[in-house]
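Okay, structure first, notes after.
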Amino acid sequence: MFTIAIIGRPNVGKSTLFNRLVGKRLALVDDRPGVTRDRREGEARLGDLVFKIIDTAGLEEGAAASLSGRMRAQTERAIESADAVFFLFDARLGLTPDDRFFANLVRRADKPLILIANKAEGRIGEAGAREGYDLGLGDPVPLSAEHGDGMSDLYSAIREAL
Ligand code: GDP
Ligand code: MG
């Protein structure tokens, strides 16, 4: 089974996508007290694909320091243990400096990457999604993790990347 890490700055919709792909099969979540909740793992299903997925939760504490060393380390660890990466940005907001920061972490890792323009539902989302080309990380896949739009394009992108 291959592993995909979901990477991106806080609030781009990583956990929403994780939940959509994993559904109720949260078998690998560690609920022991004291165990860090920074990282959630689950078994994702998309069409006939079954894979392990890692959600990087980021800053539950100290949300002010949005690019703290903790988040950076967590992101790097997740990328390291994955075979491929979903890199999310918010198509409604377009690219932010934080997106570029995380994009550089991903770029350095040199793993197969699927660039996802999340929250791409509606016309605002479509325009914002095109901003993703600017990262030089390939064609953005417009997605709405919340509404479930674009999942078949995501499926195709995974097939192409792996
Ligand atoms: P994370 O911090 O990257 O894990 O982001 P979350 O999954 O917690 O989502 C952050 C916010 O974006 C929440 O309010 C979600 O409901 C919202 N969100 C997630 N996906 C979408 C989407 O596809 N469209 C819209 N409009 N909102 C979304
Ligand atoms: Mg989250």
Side-chain angles (χ1 to χ4, degrees), residues 3-31 35-46 51-79 81-82 84-107 109 111 113-132 135 137 139-158:
T3 301
I4 296 182
I6 310 179
I7 304 298
R9 64 164 180 79
N11 216 37
V12 288
K14 297 182 298 297
S15 298
T16 306
L17 179 58
F18 177 93
N19 290 338
R20 175 162 294 279
L21 289 170
V22 171
K24 296 197 180 90
R25 298 177 303 279
L26 268 171
L28 299 176
V29 169
D30 198 330
D31 277 332
V35 169
T36 177
R37 300 288 190 90
D38 277 0
R39 170 171 163 158
R40 290 193 301 161
E41 299 182 356
E43 187 182 281
R45 281 173 200 238
L46 186 58
F51 52 98
K52 186 165 131 184
I53 194 147
I54 302 171
D55 178 20
T56 48
L59 305 164
E60 279 110 36
E61 306 134 43
S66 69
L67 294 179
S68 73
R70 183 163 155 247
M71 176 127 199
R72 178 188 183 136
Q74 186 196 133
T75 297
E76 284 174 334
R77 267 200 310 276
I79 295 170
S81 54
V85 171
F86 287 161
F87 182 77
L88 268 67
F89 70 99
D90 182 332
R92 313 214 131 223
L93 286 178
L95 295 175
T96 71
D98 286 0
D99 290 321
R100 294 180 193 278
F101 175 87
F102 281 94
N104 284 333
L105 292 183
V106 168
R107 211 187 309 270
K111 297 247 167 139
L113 179 130
I114 296 163
L115 178 62
I116 297 178
N118 190 39
K119 314 194 188 182
E121 72 272 5
R123 217 171 283 164
I124 307 170
E126 283 164 31
R130 283 192 288 276
E131 271 193 38
L135 291 172
L137 294 172
D139 298 351
V141 178
L143 198 82
S144 174
E146 194 155 278
H147 300 275
D149 305 337
M151 299 306 285
S152 62
D153 290 339
L154 182 60
Y155 173 90
S156 306
I158 297 170

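Start at 1 and go down the list; that is how both ligands and their atoms are numbered.
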So the atoms of ligand 1 within less than 4.0 Å of a heavy atom of Pro10 turn out to be 2 (O)

Which residue holds the protein heavy atom closest to [atom], what is that atom called, and what is the gap in Å?
atom	result
atom 19 (C) of ligand 1	Thr16 OG1, 3.3 Å
atom 10 (C) of ligand 1	Asn11 OD1, 3.0 Å
atom 12 (O) of ligand 1	Lys119 NZ, 3.0 Å

**Prompt:** Does at least one non-hydrogen atom of Gly8 fall below 4.0 angstrom from an atom of ligand 1?
**Reply:** no

If you measure from [atom] to every heavy atom of [options], which option wins on shortest distance?
atom	options	answer
atom 4 (O) of ligand 1	Gly150, Ser15, Gly122	Ser15
atom 23 (O) of ligand 1	Ser144, Gly13, Gly125	Ser144
atom 18 (N) of ligand 1	Glu146, Arg92, His147	Glu146
atom 24 (N) of ligand 1	Lys14, Arg9, Glu121	Glu121

**OP:** For atom 14 (O) of ligand 1, state whether the nearest protein heavy atom is under 4.0 Å away.
**Re:** no

d(Ile7 CD1, Ile4 CD1) to nearest 0.5 Å is 11.5 Å

Quick test of your reading of the model: are [X] and [Y] salt-bridged, counting only N-O distances below 4.0 Å?
X	Y	value
Glu121	Arg92	yes
Lys14	Asp55	no
Glu76	Arg72	yes

Mind checking whether [X] and [Y] have side chains closer than 4.5 Å, heavy atoms only?
X	Y	answer
Asn11	Arg9	yes
Ile53	Phe86	yes
Leu93	Asp99	no

Note: Leu154 and Ile116 closest approach over all heavy atoms is CD1-CD1, 3.6 Å

Heavy-atom nearest pair, Ala91 first then Gly125, reads CB-O, 3.4 Å

Going by the 4.0 angstrom heavy-atom rule, the piece of Asn118 near ligand 1 is side chain

Would you say ligand 1 has an N or O under 3.5 Å from any N or O of Asp55? no

Ligand 1 to Ala120 polar contact by distance, N or O atoms, under 3.5 Å: no

Can you tell me if Ser15 has an N, O or S atom under 2.8 Å away from the Mg ion (ligand 2)? yes

